[in-house]
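Before any comments, here is the structure.
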Amino acid sequence: MGTMDINFQQYFLEHLEALQNLIKIPSVYDDSTVSDNAPYGKGVADALDYMEALATADGFEVLSFDGHGIAIRMNEMPERIDVVSHLDVVEPGQNWSVLPFSGEVRNGRIYGRGSQDMKTPAFLTYLALKLIREEMLPLKRELRIVLGCDEERTMGDMLYYISKAGLPAFAFTPDGPFPMAIGEKGALMWRLFGSYQGIIEEMECGVQCNVISPVASAVLKDNTYTKKLKNLAFERNMSCTVTEEDGKTRIIVRGKAAHASRPEEGYSATVALFSLLKECGDGLMENLYECFFDSYGGALDPALAKDKAYTMNLGIFRIVNGTCYGEVDGRYPYGVSSKDCTEKLLRKCELSVSLDYDSPPTMNDPEDPFVNTLLTVYREKTKDRREPVISGGVSYSKVFGHCVSFGPEDGSEPFLAHQADESISLDACGRLLEIYYEAMKRIALLP
């Protein structure tokens, strides 16, 4: 079988139902169902089991890594290529027009949490592996589809995988922009802690650290500020409800979810809520607003915000029983120190700050033959001559090192990862399948 003989769109559509079934699995990390066989919870384990069963039924050898991931492999050889994807997804959030785990196809698009980030790209690389196997080419390297399930949190899944399997000769992950992300910004996570004695009885904001907060709510200890908050929300034309319940004020603010590395595409309900409550004389709310109103770090240092290369997002914040807790996602470019940023936040923020995760920037050599082959394939298939970029997103490239992000985002479709109504067009899937098939085949055939 040669490339010209394959109708990629038809081949994808023949397997569409299997993809829909994968998207239907609510593979969100769930601490309450963690077990020895499911280190990230039942939903994530179900997605992993689904793909393992599918690949086994298709006749592939599947290596299992104790619930942290699987490797679907072909052509066992000393040198290998890993095509790495994750099956875990972020919380669906609200404001969907379809059920977020429906896998519904509507108007030529497949909908569901994970349809872009990144169950569909993962599934397409699996289909590419099936096609390459059918071609029976004299490959020079083993090809593996590696599927993990904790990318959205710690990437401990792939650290475990590498500890058992070792590093491949090269890897790519279909979890970023085209033509490719040849490097990635550094990524950090701060946790905020402290006590609280202000006007708020309880507060719950955000869905996940790396998601711009789509909803934020608070209950105030009394109804002193009900009218003031209603008027402020009206004057600012905010999507907000303010009600009185049992002599207390409840306020709910709605924002727009987006990936934390792209603040321009979202609207933080958390920061909006802070902006209202600081007008009621709450000192902590004023301080947190001053820290986080600028998603590009201008509150810490105006120089950080100058070219918008640095981003930070207060993804989670809550107040319970007089105790505060928060999680902040930060992305920083070369030339910016995570230690320096931490010190600046410590000076600015009234709460205690701990740097609990820090992964430095990465960069690959543009002359590397594997990197160059991927870029050549993309340009041949699309005629797109853009240069590789440094991504603000964080992918498995951080763990593998000699690894790039290679699509699926090419700018022709809205970027909906971590947003409501996440979806991808069926036409795009056919095009992507052809690119991944050709790219995987060529890097496995390189001398």
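This one's a predicted model, so the numbers in the text were calculated from it and none came from an experiment. Side-chain atoms are counted along with the backbone in the values below, which use heavy atoms only and exclude waters and symmetry mates.
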Note to self: Looking at E422 and S115, would you say the former's side chain and the latter's main chain have a donor-acceptor pair under 3.5 Å?
What the structure shows: yes

Next item on the list: May I ask you to decide if A18's main-chain N or O and Y50's side chain share a donor-acceptor pair within less than 3.5 Å?
Entry: yes

Notebook entry, point to check: Do Y437 and F8 have ring centres separated by under 6.0 Å?
Noted result: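 Centroid separation for Y437 and F8: below 6.0 Å.
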
Item checked: ring pair (Phe, Tyr, Trp, His ring centres under 6.0 Å) partners of Y29, counting only residues at least two apart ->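 Partners of Y29 under the ring pair (Phe, Tyr, Trp, His ring centres under 6.0 Å) test: none.
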
Notebook entry, point to check: Who passes ring pair (Phe, Tyr, Trp, His ring centres under 6.0 Å) against H418, sequence neighbours left out?
Noted result: H259

Item checked: Aromatic plane relationship, Y436 with F172 - under 30° parallel, 30 to 60° tilted, over 60° perpendicular -> parallel

Notebook entry, point to check: Parallel, tilted or perpendicular for F170 and F370, by the 30°/60° rule?
Noted result: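 Parallel.
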
Item checked: Qualifying ring pair (Phe, Tyr, Trp, His ring centres under 6.0 Å) pairs with a residue from residues 121-147, counting only residues at least two apart or across chains -> F60-Y126

Any side-chain heavy atom of [X] within less than 4.5 Å of one from [Y]?
X    : Y    : answer
D410 : T382 : no
M312 : L304 : no
K24  : N21  : yes

Check: Measuring from S338:OG to D358:CG, what's the distance to the nearest 0.5 Å?
Finding: 3.5 Å

Item checked: Stacked cation flag R153 on Y40, 6.0 angstrom / 45 deg -> no

Next item on the list: Grab the two heavy atoms, one from M118 and one from P121, that are nearest each other, plus how far apart they are.
Entry: O-CD, 3.3 Å

Does one side chain, of [X] or [Y], offer a donor that lies under 3.5 Å from an acceptor on the other?
X    : Y    : value
D88  : H86  : yes
Y161 : D82  : yes
Y160 : D66  : yes
K185 : T311 : no
H68  : K164 : no

